[in-house]
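Encoded as structure tokens, the structure appears first; notes follow it.
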Amino acid sequence: QVQLVESGGGLVQVGGSLRLSCAASGTSSSIKRMAWYRQAPGQQRDLVAQISSAGTTDYEDSVKGRFTISRDNANNTVYLQMNSLKHEDTAIYYCKANVGPLWKEYWGEGTLVTVSS
């Protein structure tokens, strides 16, 4: 069973930075796309950024230029570097991975990011 474990969340001031990590384990199949989503209180879960196995990236408009997604394929880990954080970035951040030839979907349990003044 594939497990995704996120880390790196916490409390940060407006304008600050955080780096989230998500490590995948429990599979010998190739991990296709990896992504970060976020869910603010009372809101739906939305895509923040995604990265293919080849390194192609895509970002939600509000984080372009501030967030950077990257991955370490050798260690099945994806990162999200978040700079210039804003109040509206406050949310639970979830990691998602598509694994194997059927692109089966797995989710982490989330890590809370709180941006305060």
Side-chain angles (χ1 to χ4, degrees):
Q1 180 72 8
V2 177
Q3 290 187 319
L4 301 177
V5 178
E6 300 106 333
S7 61
L11 176 65
V12 63
Q13 290 189 326
V14 170
S17 299
L18 281 176
R19 189 191 194 208
L20 306 183
S21 300
C22 171
S25 62
T27 180
S28 58
S29 297
S30 62
I31 297 178
K32 308 298 186 181
R33 184 169 55 216
M34 301 187 82
W36 288 97
Y37 285 70
R38 66 186 178 187
Q39 187 168 20
Q43 304 294 317
Q44 66 181 21
R45 190 176 298 186
D46 291 324
L47 177 67
V48 175
Q50 60 186 0
I51 184 167
S52 71
S53 57
T56 302
T57 59
D58 186 37
Y59 297 91
E60 190 268 325
D61 285 346
S62 71
V63 307
K64 286 180 180 177
R66 300 188 298 123
F67 290 10
T68 302
I69 189 170
S70 60
R71 65 188 284 175
D72 177 352
N73 290 331
N75 292 301
N76 290 339
T77 301
V78 64
Y79 304 96
L80 186 68
Q81 177 66 44
M82 305 186 293
N83 299 328
S84 302
L85 283 160
K86 304 176 181 180
H87 283 296
E88 51 265 42
D89 295 318
T90 295
I92 299 173
Y93 284 71
Y94 296 90
C95 173
K96 188 186 83 170
N98 293 96
V99 180
L102 299 181
W103 285 62
K104 191 171 181 180
E105 190 174 280
Y106 295 91
W107 290 88
E109 294 194 349
T111 185
L112 177 63
V113 172
T114 304
V115 184
S116 73
S117 54

[X] [atom1] to [Y] [atom2] distance, which is reported to the nearest 0.5 Å:
{"X": "His87", "Y": "Gln13", "atom1": "NE2", "atom2": "CD", "result": "10.0 Å"}
{"X": "Gln3", "Y": "Cys22", "atom1": "CD", "atom2": "SG", "result": "11.0 Å"}
{"X": "Glu60", "Y": "Leu47", "atom1": "CD", "atom2": "CG", "result": "8.0 Å"}
{"X": "Ile69", "Y": "Thr56", "atom1": "CD1", "atom2": "OG1", "result": "11.5 Å"}
{"X": "Arg33", "Y": "Trp103", "atom1": "CZ", "atom2": "CH2", "result": "5.0 Å"}
{"X": "Thr57", "Y": "Arg71", "atom1": "OG1", "atom2": "CZ", "result": "12.0 Å"}

Would a distance-only check, ignoring hydrogens and angles, find a side-chain to backbone donor-acceptor pair under 3.5 Å from [X] to [Y]?
{"X": "Thr90", "Y": "Val115", "answer": "yes"}
{"X": "Gln81", "Y": "Arg19", "answer": "no"}
{"X": "Glu109", "Y": "Val5", "answer": "no"}
{"X": "Ser29", "Y": "Gly100", "answer": "no"}
{"X": "Asn75", "Y": "Ala23", "answer": "no"}

- Message: Less than 4.5 Å apart, side chain to side chain, heavy atoms only: is that true for Gln50 and Asp58?
- Response: yes

- Item | Beyond-backbone contact of Leu20 with Met82, side-chain heavy atoms, under 4.5 angstrom | yes

Heavy-atom pair with the smallest gap, counting every atom of [X] and [Y]:
{"X": "Leu18", "Y": "Leu85", "value": "N-CD1, 3.9 Å"}
{"X": "Cys95", "Y": "Glu6", "value": "N-OE2, 2.8 Å"}
{"X": "Asn83", "Y": "Ser17", "value": "OD1-OG, 2.9 Å"}
{"X": "Ser84", "Y": "Arg66", "value": "O-NH1, 2.9 Å"}
{"X": "Trp36", "Y": "Ser21", "value": "CH2-O, 3.6 Å"}
{"X": "Leu4", "Y": "Ala24", "value": "CD2-CB, 3.3 Å"}

- What pairs with Lys96 under side-chain contact (heavy atoms from CB on, under 4.5 Å), at least two apart in sequence or on another chain? Tyr37, Asn98, Glu105, Trp107

- Looking at residues at least two apart in the chain, or sitting in another chain, which of them share a side-chain contact (heavy atoms from CB on, under 4.5 Å) with Ala40? Gln43, Ala91

Hydrophobic cluster membership, [X] vs [Y], 4.5 Å side-chain cutoff:
{"X": "Tyr93", "Y": "Tyr79", "answer": "no"}
{"X": "Val12", "Y": "Val14", "answer": "yes"}
{"X": "Leu80", "Y": "Tyr94", "answer": "no"}
{"X": "Ile92", "Y": "Val78", "answer": "no"}

- Considering only NZ, NE, NH1 and NH2 on the basic side and carboxylate oxygens on the acidic side, decide whether Asp89 and Lys86 come within less than 4.0 Å. no

- Query: Given the rule in the side chain to side chain contact (heavy atoms under 4.5 Å, CB included) test, do Val2 and Ile31 qualify, once you have shown the distances and angles that lead to the verdict?
  - Reply: CA-CA 10 Å; Val2 177; Ile31 297 178; 5.9 Å; no

- Message: Would you say that more than 12 heavy atoms from the other residues, nucleotides or ligands in this model lie under 6.0 Å from the CD of Gln39, or not?
- Response: yes

